[in-house]
Amino acid sequence: MPIKFNAIGSFLFATLFVGSVLAQDQRDIPFIAEDIHLGVASCAGSSCHGALEPWTNSTVLQNEYIIWEEEDPHSGAYKTLLTNESQRIAKNLGLDRAEDEDLCLDCHADNVPVERRAKGFQISDGVGCEACHGGAVNWLGRHISGEADHAANLASGLYPSEDPVARAELCLSCHFGTKDRFVTHRIMGAGHPRLAFELDTYTWTQPGHVAVDADYKSRKGNISSVQVWAVGQAVAVDSLLEAMLDPNRNRDGIFPELVFFDCHACHHPMSNVRWAPRDSHEIGPGIPRIYDANLIMMQILLQRIDPNMADGVAVKSKALHQASLQGYDAVINAARALKDATEGVIDQLASYDFTAADTKALMAGLLKEGLSGEYVDYAAAEQATMAASAMLQTMVDDGMISREQYVELSAVLNDCYSAIEKDEEYNPRQFLAALQKLQSAVPSL
Ligand code: HEC
Ligand code: HEC
Ligand code: HEC
Ligand code: HEC
């Protein structure tokens with residue numbers, strides 16, 4: 001199916017995004033970009049973003065600092081490094097103090113080089129405003145004076161976090177990692193928690209500090225939860241393949257890097273026996289399998305919007321799984337072939353005009369995959385649950401379901417959330433039952 005653009009969609013696209021967002025696609029994340037970071041204090045004034053209550057007469061909430069400081073785990077990310085848990089991880093890795101190590105600070109703070117820190121900058125602020133919004137040195141002045149609009153701010157170094165591709169790259173740069181910062185299985189073995197991520201769900205559980213109202217949409221576009229979810233999946237797949245192809249990250253001695261594999265294939269109680277075959281990998285019992293939760297989600301997306309590509313990607317995904325039974329070179333070749341097969345998919349999903357019919361079909365696809373046994377692994381069930389959340393959100397936002405229906409369906413989805421609450425106690429049969437309930441609730445749409 002060709003990429004669809006209706007007239008209004010392409011008009012909005014042309015006026016809102018070309019020149020601002022599209023040009024930013026290549027934008028370096030704030031960690032890498034050259035701009036100087038001023039520090040959280042420069043954003044936190046009570047007449048800036050540190051108001052106690054949202055303003056009624058402003059385009060933005062103005063209390064972003066308070067939300068970040070009081071509710072957002074990013075403000076405590078540095079303090080996490082001072083805990084016994086972090087000190088233990090550091091000790092297990094032969095390091096001195098976690099809070100002095102770039103290895104930890106790179107993700108638990110806005111750890112830009114010293115020459116990119118202005119006078120008021122404090123590393124102890126953790127993942128501060130500029131770690132996501134970009135070094136403010138070139139945009140703060142005009143931004144405060146009210147002279148600059150969003151496009152001018154972007155041109156002076158504000159990071160385009162409203163753009164799903166840019167946002168996915170930003171979040172995953174810490175929530176999965178890049179060539180510059182990465183949580184290896186060694187670090188997890190020392191005690192670091194597993195990293196899980198879904199762009200739409202995590203944007204709102206951060207919690208979000210925006211009100212997506214008419215004014216927001218007129219300034220930044222009306223991007224649905226389904227689209228944000230879709231782009232997040234494609235960028236996650238790309239990040240995984242990139243890491244598998246990176247010789248600095250893809251092995252540890254004679255072993256492959258184990259974070260590319262399904263954690264729970266190795267880590268679950270032996271009394272909780274649950275292995276089941278899956279057509280999409282055909283890896284036998286007792287063998288670790290490559291982590292593929294995002295690939296499963298991308299497959300569901302492609303089956304709807306580009307069935308030809310879906311077929312190619314399915315073949316190459318299975319080939320990657322099979323290559324893991326052969327050896328290092330086979331995996332590299334298969335990962336490269338899969339990367340080639342997914343070439344362009346991020347842009348395709350970012351510019352695709354998702355209709356109500358698409359959202360319905362995607363929900364049906366999501367349920368079908370699950371009921372056919374694709375979610376036997378915990379991570380797939382976890383991704384499927386968050387995907388369903390994003391879909392229900394778009395359904396209510398687009399008026400496909402009423403508020404009441406949304407509340408009812410969310411209550412049904414809660415059974416899926418309960419089934420994934422404790423990863424090590426995950427029981428695929430319990431999840432399947434929850435999915436069946438969701439399926440019988442959904443056709444009434
Ligand atoms: C500079 C690195 C960095 C970036 C960029 C980043 N995060 Fe995080 N994030 C973290 C760290 C570190 C934590 C854990 C904080 C803690 O508890 O110490 C975290 C925690 C979270 C949590 C809480 C997770 C939980 O299990 O409770 C959410 C939600 C989240 N981030 C969402 C996002 C989103 C959405 C983005 C992109 C808009 C993003 N993050 C970008 C580093 C980052
Ligand atoms: C590639 C980025 C990255 C690196 C490097 C990294 N972390 Fe994390 N860390 C995260 C993210 C993201 C989370 C939040 C995970 C979640 O809840 O989804 C986190 C969570 C944690 C937590 C749990 C926090 C909580 O609230 O429960 C601890 C403890 C921790 N990290 C310590 C460390 C230490 C110590 C180091 C250095 C050895 C380190 N991290 C290196 C990204 C990173
Ligand atoms: C973990 C990443 C992250 C951190 C840290 C962060 N933000 Fe944001 N911020 C976002 C995302 C994502 C959005 C929503 C997308 C958008 O509109 O750019 C956003 C949106 C905003 C907006 C735009 C609201 C609108 O209506 O256009 C403002 C203003 C803002 N943030 C201020 C702040 C301030 C001030 C801080 C620090 C106290 C901060 N942010 C910290 C990720 C972050
Ligand atoms: C191929 C099997 C395998 C895979 C896949 C795997 N691990 Fe491990 N993991 C191990 C082994 C082996 C150890 C070492 C156990 C020991 O020392 O007792 C270990 C240790 C750990 C530990 C420390 C356990 C302890 O007792 O201190 C954590 C935490 C951990 N892994 C997390 C993960 C996460 C998260 C993932 C997925 C991203 C993952 N592992 C994937 C095999 C695996």
Side-chain angles (χ1 to χ4, degrees), residues 29-31 71-112 126-134 159 161-164 166-210 228 232 235 239-240 243 249 255-268 286-291 293 324 377-379 382 386 423-424:
I29 54 169
F31 184 60
E71 297 170 47
D72 188 329
H74 295 109
S75 64
Y78 174 88
K79 290 180 203 90
T80 292
L81 299 181
L82 306 173
T83 60
N84 291 338
E85 190 186 356
S86 287
Q87 297 306 328
R88 182 177 170 273
I89 297 172
K91 192 163 156 268
N92 287 346
L93 292 167
L95 302 171
D96 206 11
R97 284 145 45 111
E99 72 272 27
D100 294 335
E101 295 292 338
D102 284 340
L103 178 66
C104 309
L105 290 169
D106 281 350
C107 293
H108 283 261
D110 188 14
N111 196 29
V112 292
V127 180
C129 319
E130 290 161 292
C132 289
H133 292 297
Y159 189 78
S161 48
E162 70 278 14
D163 170 52
R167 192 190 309 167
E169 285 170 353
L170 168 69
C171 310
L172 284 166
S173 73
C174 292
H175 284 267
F176 174 74
T178 63
K179 66 176 176 41
D180 302 315
R181 41 183 182 184
F182 199 60
V183 181
T184 58
H185 186 260
R186 244 177 222 252
I187 300 177
M188 289 180 173
H192 197 281
R194 185 176 69 95
L195 300 184
F197 194 74
E198 191 280 292
L199 188 58
D200 187 65
T201 309
Y202 275 58
T203 295
W204 299 113
T205 48
Q206 187 186 339
H209 43 256
V210 294
V228 171
V235 176
S239 305
L240 174 68
R249 280 186 284 169
F255 296 106
E257 172 52 62
L258 293 182
V259 290
F260 303 154
F261 290 81
D262 183 70
C263 311
H264 305 93
C266 297
H267 294 289
H268 74 262
I287 299 168
R289 42 197 177 268
I290 289 172
Y291 165 85
S324 74
D377 289 328
Y378 173 81
E382 181 184 47
M386 293 191 280
D423 60 345
E424 282 163 40

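Just follow the structure's listing: the first ligand is 1, and inside any ligand the first atom is 1. Counting from 1, the numbers follow the sequence of the chain as shown. Keep in mind the model is a prediction, meaning the values are calculated, not measured.
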Novice: Which protein heavy atom lies closest to atom 27 (O) of ligand 2, and at what distance to 0.1 Å?
Specialist: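 Checking every protein heavy atom, the shortest distance to atom 27 (O) of ligand 2 gives Glu85 OE1, 4.5 Å.
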Novice: Where on His74 is there a heavy atom closer than 4.0 Å to ligand 1, on the side chain, on the backbone, on both, or on neither?
Specialist: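 The part of His74 near ligand 1 is the side chain, not the backbone.
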Novice: If you count every heavy atom of other residues, nucleotides or ligands that lies below 6.0 Å from Arg194 atom CZ, does the total exceed 12?
Specialist: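 For Arg194, atom CZ is crowded (more than 12 foreign heavy atoms under 6.0 Å).
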Novice: For atom 40 (N) of ligand 1, is the nearest protein heavy atom under 4.0 Å away?
Specialist: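 At least one protein heavy atom is under 4.0 Å away.
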Novice: Roughly how far apart are Asp96 CG and Glu101 CD, rounded to 0.5 Å?
Specialist: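 One gets 7.0 Å once the value is rounded to the nearest 0.5 Å.
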Novice: Report the nearest protein non-hydrogen atom to atom 33 (C) of ligand 2: residue, atom name, distance rounded to 0.1 Å.
Specialist: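 The protein heavy atom lying closest is His192 CD2, 3.3 Å.
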Novice: Where is the nearest protein heavy atom to atom 38 (C) of ligand 1: which residue, which atom, and how far?
Specialist: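 Nearest protein contact, heavy atoms only, for atom 38 (C) of ligand 1 is Cys171 SG, 2.7 Å.
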Novice: From Arg181 CZ over to Leu105 CG, what is the distance, rounded to the nearest 0.5 angstrom?
Specialist: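 Taking CZ in Arg181 and CG in Leu105, the distance rounds to 11.5 Å.
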Novice: Students should be able to answer this: which protein heavy-atom is nearest to atom 14 (C) of ligand 2, and at what distance?
Specialist: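 Here the closest protein heavy atom is Leu195 CD2, 4.4 Å.
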Novice: Can you tell me how the ring of His175 sits relative to the ring of Phe197, calling it parallel under 30°, perpendicular over 60° and tilted otherwise?
Specialist: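 Ring orientation, 0 to 90° scale: tilted.
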Novice: Give a yes or no on whether the backbone of Ala379 and the side-chain of Asp377 come within a donor-acceptor separation of less than 3.5 Å.
Specialist: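 Judged by distance alone, no pair lies under 3.5 Å.
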Novice: For ligand 1, indicate whether the residue His133 contacts it via side chain, backbone, both or neither (heavy-atom separation under 4.0 Å).
Specialist: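 None of His133 does.
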Novice: Using a strict 4.0 Å cut-off to heavy atoms of Pro288, name the atoms of ligand 4 that fall inside it.
Specialist: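 The atoms of ligand 4 under 4.0 Å from a heavy atom of Pro288 are 1 (C).
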Novice: Just jot down the ligand 1 atoms closer than 4.0 angstrom to any heavy atom of Gln206, in number order.
Specialist: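 Listed by number with element, the hits are 29 (C).
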Novice: Please classify the Cys263 to ligand 4 contact at 4.0 Å (heavy-atom distances, strictly less than): side chain, backbone, both or neither.
Specialist: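 The part of Cys263 near ligand 4 is both the backbone and the side chain.
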Novice: Which atoms of ligand 2 have any heavy atom of Leu81 under 4.0 Å away?
Specialist: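 So the answer, numbered in order with elements, is 33 (C), 34 (C), 35 (C).
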Novice: Please check if a non-hydrogen protein atom sits closer than 4.0 Å to atom 17 (O) of ligand 2.
Specialist: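 Given the 4.0 Å cut-off, atom 17 (O) of ligand 2 does not count as touching protein heavy atoms.
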Novice: Heavy atoms of the protein only: does one fall short of 4.0 Å from atom 2 (C) of ligand 2?
Specialist: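 Flag for atom 2 (C) of ligand 2 set to true, protein heavy atom closer than 4.0 Å.
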Novice: Starting from atom 37 (C) of ligand 2, find the nearest protein heavy-atom neighbour and note its residue, name and distance.
Specialist: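 Nearest protein contact, heavy atoms only, for atom 37 (C) of ligand 2 is Cys104 SG, 1.9 Å.
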Novice: Once you round to the nearest 0.5 Å, how far does SG of Cys129 lie from CG of Asp72?
Specialist: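 The CG atom of Asp72 is 9.5 Å from SG of Cys129, to the nearest 0.5 Å.
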Novice: For ligand 1, which atoms, with element, lie under 4.0 Å from some heavy atom of Leu170?
Specialist: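 The list of qualifying atoms is 5 (C).
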Novice: To the closest 0.5 Å, what do you measure between CG (Asp262) and CZ (Arg289)?
Specialist: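 The distance works out to 5.0 Å.
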Novice: Need the ligand 2 atom indices (1-based, order shown) with element for anything under 4.0 Å from a heavy-atom of Cys174.
Specialist: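 Those of ligand 2 that fall under 4.0 Å from Cys174 are 1 (C), 2 (C), 12 (C), 42 (C).
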Novice: Are any of the N/O atoms in Thr205 less than 3.5 Å from those in ligand 1?
Specialist: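 N/O-N/O distance under 3.5 Å: no.
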Novice: Between Pro73, Ser86, Gly126, Ser161, which one has a non-hydrogen atom sitting closest to atom 22 (C) of ligand 1?
Specialist: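 Looking at heavy atoms only, the winner is Pro73.
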Novice: Considering only heavy atoms of Asp262, which atoms of ligand 4 have at least one such atom less than 4.0 Å away?
Specialist: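 With Asp262 as reference, the close atoms of ligand 4 come out as 5 (C).
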Novice: Do Arg249 and Thr184 have a side chain donor and acceptor closer than 3.5 Å?
Specialist: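 The answer is no; no qualifying pair exists.
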Novice: Rounded to the nearest 10°, what angle sits at atom 8 (Fe) of ligand 4 between NE2 of His267 and NE2 of His185?
Specialist: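 Answer comes to 180°, rounded to 10°.
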Novice: Hey, looking at atom 10 (C) of ligand 2, which of His108, Gln87, Arg97 has the closest heavy atom?
Specialist: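 Answer by nearest heavy atom: His108.
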Novice: Taking only non-hydrogen atoms of Cys107, do any sit less than 4.0 angstrom from ligand 1?
Specialist: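 Yes, Cys107 has heavy atoms under 4.0 Å from ligand 1.
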Novice: Kindly state if atom 25 (C) of ligand 1 has a protein heavy atom within a strict 4.0 Å cut-off, that is, under 4.0 Å?
Specialist: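 Under the 4.0 Å cut-off, atom 25 (C) of ligand 1 has no protein heavy-atom neighbours at all.
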Novice: Show me which atoms of ligand 1 lie under 4.0 Å from any heavy atom of Thr80.
Specialist: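 Here the atoms of ligand 1 in question are 16 (C), 17 (O), 18 (O).
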Novice: Okay, side chain of Tyr159, backbone of Ala166: is any donor-acceptor separation there less than 3.5 Å?
Specialist: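 Checking the backbone N and O of Ala166 against the side chain of Tyr159, a donor-acceptor pair under 3.5 Å is found.
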Novice: Nearest heavy atom to atom 35 (C) of ligand 1: which of Tyr202, Tyr159, Phe31 does it belong to?
Specialist: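 When every heavy atom of Tyr202, Tyr159, Phe31 is considered, Tyr202 comes closest to atom 35 (C) of ligand 1.
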Novice: Name the closest protein heavy atom to atom 23 (C) of ligand 2, giving the residue it belongs to and the distance to 0.1 Å.
Specialist: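 Among all protein heavy atoms, the one nearest atom 23 (C) of ligand 2 is Pro193 CG, 3.5 Å.
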Novice: I need the atoms of ligand 4 closer than 4.0 Å to a non-hydrogen atom of Arg194, numbered in the order shown.
Specialist: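 It comes down to these atoms of ligand 4: 35 (C).
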Novice: Does some non-hydrogen atom of Arg181 fall short of 4.0 Å from ligand 1?
Specialist: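 Yes; Arg181 lies near enough to ligand 1 that a heavy-atom distance drops under 4.0 Å.
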Novice: Nearest 0.5 Å, please: how far is CG in Asn111 from CZ in Phe31?
Specialist: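 The CZ atom of Phe31 sits 6.0 Å away from the CG atom of Asn111.
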Novice: When rounded to the nearest 0.5 angstrom, what is the spacing between CD in Glu382 and NE2 in His264?
Specialist: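 Rounded to the nearest 0.5 Å, the CD-NE2 separation comes out at 7.5 Å.
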Novice: Considering only non-hydrogen protein atoms, determine which one is nearest to atom 5 (C) of ligand 2 and report residue, atom name and distance to 0.1 Å.
Specialist: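 Its nearest protein heavy-atom neighbour is Leu103 O, 3.0 Å.
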Novice: Closest non-hydrogen protein atom to atom 20 (C) of ligand 1, residue and atom name please, with distance?
Specialist: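 The closest one turns out to be His175 CE1, 3.6 Å.
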Novice: Without hydrogens or angle criteria, can the side chains of Gln206 and Glu71 be said to hold a donor-acceptor pair below 3.5 Å?
Specialist: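 Per modelled atom types, Gln206 and Glu71 side chains form no pair under 3.5 Å.
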Novice: Can a protein heavy atom be found under 4.0 Å away from atom 31 (N) of ligand 1?
Specialist: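 Under the 4.0 Å cut-off, atom 31 (N) of ligand 1 does have protein heavy-atom neighbours.
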Novice: Just go through Cys266, Gly189, Ala265, Gly191 and tell me whose heavy atom is the nearest to atom 43 (C) of ligand 4.
Specialist: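 Ranked by closest heavy atom to atom 43 (C) of ligand 4, first place is Cys266.
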